[in-house]
Q: 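Below you will find the structure I want to go over with you.
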There are 2 protein chains.
Amino acid sequence: MKKKRISITDIANALQVTPSTVSRALNGGGKVSEKKRLEIISLAKKLGYRPNPIAKSLLANRTQTIGLILPEFTHHFYSRVLAGIESITSKAGYQLLICTSNENQNQEIKSTLTLLDARVDGILATISKMNDKFEHIQEVMDSGTPLVLVDRFSEEIETPYVISDDFKGAFSAVDYLCQIGCKNILHIKGPDNLSTTFNRFMGYKEALRKHNMPLKEELVLESSDPKLVEKIRLCLTRHQVDGAFTYSDYLAFEIYKLASQLKIQIPEELSVIGYADEPISTYISPTLSTVNQQPFEMGAMSARYLLNKINDPEVALEVKNLETKLMIRESCKVVETQS
Amino acid sequence: MKKKRISITDIANALQVTPSTVSRALNGGGKVSEKKRLEIISLAKKLGYRPNPIAKSLLANRTQTIGLILPEFTHHFYSRVLAGIESITSKAGYQLLICTSNENQNQEIKSTLTLLDARVDGILATISKMNDKFEHIQEVMDSGTPLVLVDRFSEEIETPYVISDDFKGAFSAVDYLCQIGCKNILHIKGPDNLSTTFNRFMGYKEALRKHNMPLKEELVLESSDPKLVEKIRLCLTRHQVDGAFTYSDYLAFEIYKLASQLKIQIPEELSVIGYADEPISTYISPTLSTVNQQPFEMGAMSARYLLNKINDPEVALEVKNLETKLMIRESCKVVETQS
DNA sequence: CTGTTAGCGCATTCAC
DNA sequence: GTGAATGCGCTAACAG
């Protein structure tokens, strides 16, 4: 059975004063005689008094709680985002209420309403992959609850964002492949419907353009394609692919597998760059070049942004783009530099 | 600015009844004339009324909230535990308040008090690596807040546990290595002070004993040893090691690296089994044999246990041991079966 | 300086 | 059936 906690009234009774006096003494605000204040404080400490935030919330209409909706927990990227968020919110004295959408919009909607019901002071969310309903987002905005969207962008939702600069990230990767002399660069796209997929593809195209290289349709594959493996094989055998840039590190590993089967040497014959900098990238052989998105910093930044928004609703509504870092490892061929 | 939500009183005023009546109509409990009940319900829906859980909490002394303390978020294992917990709590209508200790006991203590202050209905926690203070745990118990400890066990704390059967998990791995004919089996231990480290080591010893193999001190290394890499090298070159069982998958990858340097073939000359079944295990080459701890199930089980405890404080205090699964992959040599 | 009053939103007595 | 009263724990406005 949950034991009754000692309340302000308990210590008021014990000291023959009113709860108001106790409240004032404890909060320092009002004027209380030095003698009583000390008495009260010492008794409070002795009794292990801890204020009830529930009561305060009811009164103040603030809960000191941030709601968080993530598409999944298991992905390394999101756990880093979570860690970044927590590092900021805990320091700021906020609790973190956590939900997942499991990449399912219905669950996202449910989670959103749950958080709204819980009267969180603000919401951080990454929208799920399939998103065609926006009423729940509208409801958040209507309720006046500050909202910051993380990682994934949607044209339909006008709110603060903290996202990764996928365009530049992809551009830097493909630009690098071009620089080291790759002539036929394969790209495997991510899930449809995701801003990240689109932007990384755009970065790929732009880098090709910069180097005056044609965009070859047969070198652009879809990760959702059931025949993906076959098509990669075709690219590797028929189309003289000597470079690859994939939407994720795991897709890069698919290329590793096929290259190994086909006895194609990485990086000598094929340079590969993935995306996300999964920890596995440095353990696999050859170590994988990839694009680091600074997920921890992304989480921290979005939390800071949200807290600002909570404390000052006039804070500008902007899309913050986080720089990516190109991590070149063993999977890219080394070009002799003429010195 | 957070907009004022519509309350039970608002709809009472609109309908010329008292809040009591509205409350009864909405909760179904008391007797309300059918006409009024319908009126009230329809207006409530129209106005988008949602009960304020804060007010209910204050009244009921229950928050429908579970507190969770994890040593870290980033580790794959803990994110699976988290996912398992969430899958249960969300279905049961509980919120999840999340904290991390960062493997630091002071932060663990702080988080514990935060959760207690927040009046969570129960706490799930994995104690941090270094643990020598137990007052905060005692405080949880004194407060009457149900507590279930996950993954790591401590003799000092008497409370429900859900842990993995590390002994059997380790035993099954080393037993397998013996069965396929390994004669000199290296073990790399985990961090001191952890029940998991101890139990896996015990499992290692017991398997050796079963096969009448001597425990060789020089084949047991400490992961915290600054000279670990050198010592592994020594084992591999001098001590005819032909099998290895490590506290974690990542330690197994250290062996992979050294074996590659020393031109020792895995699994032909050296069979390796890790622990935890990190996703990376199936991507690395050769794919790593390992022990799966069912972290999702562990999370789910601990959440179920806690909910039971919350609903019935008389629930037995026990240590639930979760079965492990030995995952044999390419890193173990194949023995011809005589058929 | 300190006590009284009131109210945050709700559910639960107890009268009528 | 329904309203009035009470209180969960706390703070704030107002008296004194």
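Chain A is the first sequence line, chain B the second, and so forth, proteins listed ahead of strands; every chain is numbered from 1.
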Q: At how many degrees, to 10°, do the end axes of the helix from C:dC1-D:dG16 to C:dC16-D:dG1 meet when each uses five pairs?
A: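 Helix axis angle between the two ends: 60°.
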Q: Between P on D:dG1 and CG on B:L15, what's the gap in Å once rounded to a whole number?
A: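 About 18 Å, once rounded to whole Å.
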Q: What is the nucleic acid contact for B:T18, judged by heavy atoms within less than 4.0 Å: base, sugar-phosphate only, or nothing?
A: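 Answer is base: heavy atoms of B:T18 come under 4.0 Å of a base.
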Q: If we ignore angles and hydrogens, is there a donor and acceptor under 3.5 Å between the side chains of A:T21 and A:T18?
A: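 Indeed, the side chains of A:T21 and A:T18 share at least one donor-acceptor pair under 3.5 Å.
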Q: Backbone N or O of A:S154 within a donor-acceptor pair of the A:S195 side chain at under 3.5 Å?
A: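 Checking the backbone N and O of A:S154 against the side chain of A:S195, no donor-acceptor pair under 3.5 Å is found.
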Q: I'd like to check the side chain to side chain donor-acceptor pair (under 3.5 Å) partners of A:N52; sequence neighbours left out, ordered by chain and number.
A: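 Scan of A:N52 (side chain to side chain donor-acceptor pair (under 3.5 Å), adjacent residues dropped) gives none.
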Q: Roughly how many Å is it from CD in B:Q16 to P in D:dA4, rounded to a whole number?
A: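 Rounded to the whole Å, the gap is 12 Å.
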Q: Using whole Å, what does the distance between atom P of nucleotide D:dG9 and atom CG of A:D10 come to?
A: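 Whole-Å distance recorded here is 8 Å.
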Q: Provide, to the nearest angstrom, the distance between the CD1 atom belonging to A:I11 and the P atom belonging to D:dG9.
A: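 It is 14 Å, rounded to the nearest whole Å.
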Q: Generate the contact string for nucleotides 6-16 of chain C. Rules: B means base contact, S means sugar-phosphate contact only, - means no protein heavy atom under 4.0 Å.
A: -BBBBBBB---
Q: Could you check how far CG of A:L26 sits from P of D:dA12, rounded to whole Å?
A: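 Answer to the nearest Å: 13 Å.
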Q: Please name all residues satisfying side-chain contact (heavy atoms from CB on, under 4.5 Å) with A:E103, sequence neighbours left out, ordered by chain then number.
A: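 side-chain contact (heavy atoms from CB on, under 4.5 Å) check on A:E103 returns A:P71, A:E72, A:S128, A:K129, A:R152.
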Q: Verify the contact: side-chain N or O of B:K36 to OP1 or OP2 of D:dG1, cut-off strictly under 4.0 Å; return yes or no.
A: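 The answer is no; no side-chain N or O of B:K36 sits under 4.0 Å from OP1 or OP2.
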Q: Quick check: does any side chain N or O of B:Y305 sit under 3.5 Å from a backbone N or O of B:E318, one acting as donor and the other as acceptor?
A: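 Answer holds: yes.
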Q: Going by side chain to side chain donor-acceptor pair (under 3.5 Å), name the residues that satisfy it together with A:R304, two or more places apart in sequence or in a different chain.
A: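 By the side chain to side chain donor-acceptor pair (under 3.5 Å) rule, A:R304 matches A:E297.
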Q: Under the ring pair (Phe, Tyr, Trp, His ring centres under 6.0 Å) rule, what pairs show up with a residue in residues 123-160 of chain A, not counting sequence neighbours?
A: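 Sorted pair list: A:F153-A:Y161.
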Q: May I ask you to decide if A:L70's main-chain N or O and A:T100's side chain share a donor-acceptor pair within less than 3.5 Å?
A: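 Flag set: sc A:T100 to bb A:L70 pair under 3.5 Å.
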Q: Looking at A:T21, does any N or O in its side chain come under 4.0 Å of the phosphate oxygens OP1/OP2 on C:dC1?
A: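 Looking at the OP1 and OP2 atoms of C:dC1, neither is under 4.0 Å from any side-chain N or O of A:T21.
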Q: Any side-chain donor-acceptor pair under 3.5 Å between B:S111 and B:T114?
A: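 Side chains of B:S111 and B:T114: no pair found under 3.5 Å.
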